[in-house]
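Everything on this sheet refers to the single structure shown next.
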Amino acid sequence: MNLETLNKLALERNDQTILGLFDTDTDRAQGFSISTGNLLFDYSKTQIDADIRNALIRLCDEAGLADRRTAMFDGAKINETEGRSVLHTALRNLDGGPVEVDGLDVMPDVLDTLHRMRVFAEEVRGGAVIGAGGSFTDVVNIGIGGSDLGPVMATHALAPYHDGPRLHYVSNVDGAHIADTLRQLDPTRTLVIVASKTFTTIETMTNARTARAWMADGGGDPAKQFAAVSSALDKTQAFGIPSEHVFGFADWVGGRYSVWGPVGLPVMIAVGSNAFDAFLRGGQAMDVHFQAADWVENMPVLLALVGIWHRQVLGHSSRAVLPYDQRLLRLPAYFQQLEMESNGKSVAMDGSPLTGPSGPVVWGEPGTNGQHAFYQLIHQGTDVIPCEFMVAAEGHEPELVHHHRLLLANCFAQSEALMRGRGLDEARQLMADKGLQGEELERQARHRVFPGNRPSSTLIYPMLTPFVLGQIIALYEHRVFVEGVLLGINSFDQWGVELGKELATSLGPVVDGEISADGKDGSTAALVAYALRHRD
Ligand code: F6P
């Protein structure tokens with residue numbers, strides 16, 4: 001990525017404030033925002049002006065973004081280190097034409113599995129499929145990473161539509177997670193879904209075996225009360241899950257992109273197949289927009305370019321995702337995997353080292369909670385943290401409309417405060433109004449200065465419906481894709497998680513006390529020794 005022009009522009013614009021941009025361009029809010037469907041993405045509270053945007057857009061052409069986008073949607077093997085296509089978009093291609101991988105149309109299989117999911121979900125919801133003790137009151141999804149974060153996020157997000165059995169998620173291998181979950185449940189009326197693309201992930205398989213033993217010991221029937229979601233159908237069979245309860249998907253669905261298919265089964269059981277369809281249609285609508293819109297009108301592209309401007313040009317190493325939407329409380333964690341597992345790479349597709357920074361650290365919490373915690377640093381800390389606000393124009397609680405107005409006011413106030421800041425003179429005046437004078441006035445005033453000129457963007461949507469959630473998730477997926485193309489990396493592998501897994505496997509018998517820690521570094525050996533000493 002050649003950033004020469006952008007670096008030059010950044011230097012030239014060093015003294016240009018965001019507020020100043022609004023003074024010189026009264027239509028800035030319209031000129032630097034994009035709508036698609038009912039979503040509005042406003043990036044006018046950044047330092048991006050027309051020249052910067054043009055230079056950013058040129059990066060798309062230089063990187064061959066249009067061809068890469070076509071390659072992805074057409075099923076080319078763009079995940080080159082694993083030799084795989086990247087086709088999560090096929091999972092929501094409800095009205096689309098054929099999608100070929102190796103000359104074969106994958107859509108019949110996709111639609112057949114979707115149909116089986118719908119039938120199964122409605123049978124569970126309606127009590128046609130039951131456990132040893134009767135209809136299912138609870139569903140436990142056992143999975144981790146992409147087999148957990150997407151459904152957890154969507155289940156919280158779609159709470160107003162949740163009219164199926166209660167849902168629980170177990171991911172951590174820490175026995176506390178499964179113990180605390182199962183303790184409250186009836187083993188004869190609980191459905192367990194084991195979600196694992198590979199069906200080898202140690203956390204998931206350990207939890208699945210524990211759940212199976214709990215169910216069998218408690219009078220449940222694992223042969224009837226387990227379902228599986230996986231690409232490894234031989235392994236689900238070996239585990240003893242009947243084939244009619246197994247929902248497969250192909251290796252061209254990456255884990256962190258998998259919520260649209262069988263991994264979304266628990267969500268479908270919770271909210272019903274119609275609401276799940278609406279979620280898919282929202283994703284599909286964003287796919288259509290992403291493929292059709294010019295770069296300057298293209299929401300995922302502009303969201304990506306704002307990210308590139310902040311991270312690769314200005315060097316801001318982290319990005320806060322701040323949904324003013326309590327039901328999006330797991331969205332930051334979901335985006336963490338989506339963005340950091342995809343674009344946290346230091347080599348380009350051809351194996352050469354990246355010459356600039358990889359993707360940023362992504363983190364966040366719902367507002368307004370964050371305001372009473374880490375916003376202090378965002379406003380007055382020494383690092384600039386670009387913020388991505390999200391909020392619905394309307395909540396789901398008409399009787400609590402006054403809450404929602406406060407929520408909106410807080411969201412809008414934060415981006416305004418970040419941009420506007422408060423100068424020393426104003427802070428001095430505030431202290432003078434309080435009766436302070438002299439050195440004490442000066443000292444106190446300095447603590448109340450806000451540097452301002454801190455960038456943010458806002459995504460606003462009418463209401464958090466299944467359709468809107470689908471739009472938002474697909475928007476961010478494509479954003480990550482665009483950033484990856486511009487960086488020249490493979491956004492679809494995740495080799496960086498492997499070394500820790502290998503070492504954990506080799507440390508298993510050491511922690512069990514079966515073999516010694518000889519050969520390990522001093523710190524690791526000492527930690528093992530401590531754990532062994534304090535056991536029992
Ligand atoms: O360890 C990382 C990872 O492979 C993720 O990419 C994936 O989402 C997660 O583990 C779970 O993998 P699986 O679905 O195969 O259990």
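When a ligand or atom number is given, it counts from 1 through the structure's own listing order. What you see below is based on every heavy atom in this structure, not just the backbone, and it leaves out hydrogens, waters and symmetry mates. Please read all numbers here as calculations on a predicted model, not as lab measurements.
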**Study point:** Distance under 6.0 Å and angle within 45° of ring axis: Arg69 vs Phe290
**Key:**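 So Arg69 does make the cation-pi contact.
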Point to revise | Tyr169 six-ring face occupied by Arg330 cation (under 6.0 Å, within 45°) | key: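 No - Arg330 does not lie over the ring of Tyr169 by the 6.0 Å and 45° rule.
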**Study point:** For Ser317, side-chain hydrogen bond (donor to acceptor under 3.5 Å, both in side chains) partners two or more places apart
**Key:**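 Partners of Ser317 by the side-chain hydrogen bond (donor to acceptor under 3.5 Å, both in side chains) criterion come out as none, since no residue qualifies.
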Check your understanding: Any Lys/Arg nitrogen of Arg311 or Glu339 sitting under 4.0 Å from an Asp/Glu carboxylate oxygen of the other?
Key ->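 Not counted as a salt bridge, because no side-chain N and carboxylate O are separated by less than 4.0 Å.
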Exercise for review: Return each pair, listed once, that meets ring pair (Phe, Tyr, Trp, His ring centres under 6.0 Å) where at least one residue sits in residues 242-271; pairs must be two or more places apart or across chains.
Suggested key: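 Every ring pair (Phe, Tyr, Trp, His ring centres under 6.0 Å) pair that includes a residue of residues 242-271, provided the two are not neighbours, is His88-Tyr257, Phe120-His245, Phe120-Phe247, Tyr257-Phe492, Trp260-Phe279.
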Review point. According to the ring pair (Phe, Tyr, Trp, His ring centres under 6.0 Å) rule, which pairs have a member within residues 340-367, sequence neighbours left out?
Key: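 Every pair satisfying ring pair (Phe, Tyr, Trp, His ring centres under 6.0 Å) with a residue in residues 340-367: Trp363-Phe374.
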Review point. Near ligand 1, which residues have a heavy atom under 4.0 Å away from one of its atoms?
Key: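 The answer is Ile144, Gly145, Gly146, Ser147, Ser196, Lys197, Thr198, Thr201, Gly255, Gln337, Glu341, Gln494, Val497, Lys501, counting any residue whose heavy atom sits under 4.0 Å from ligand 1.
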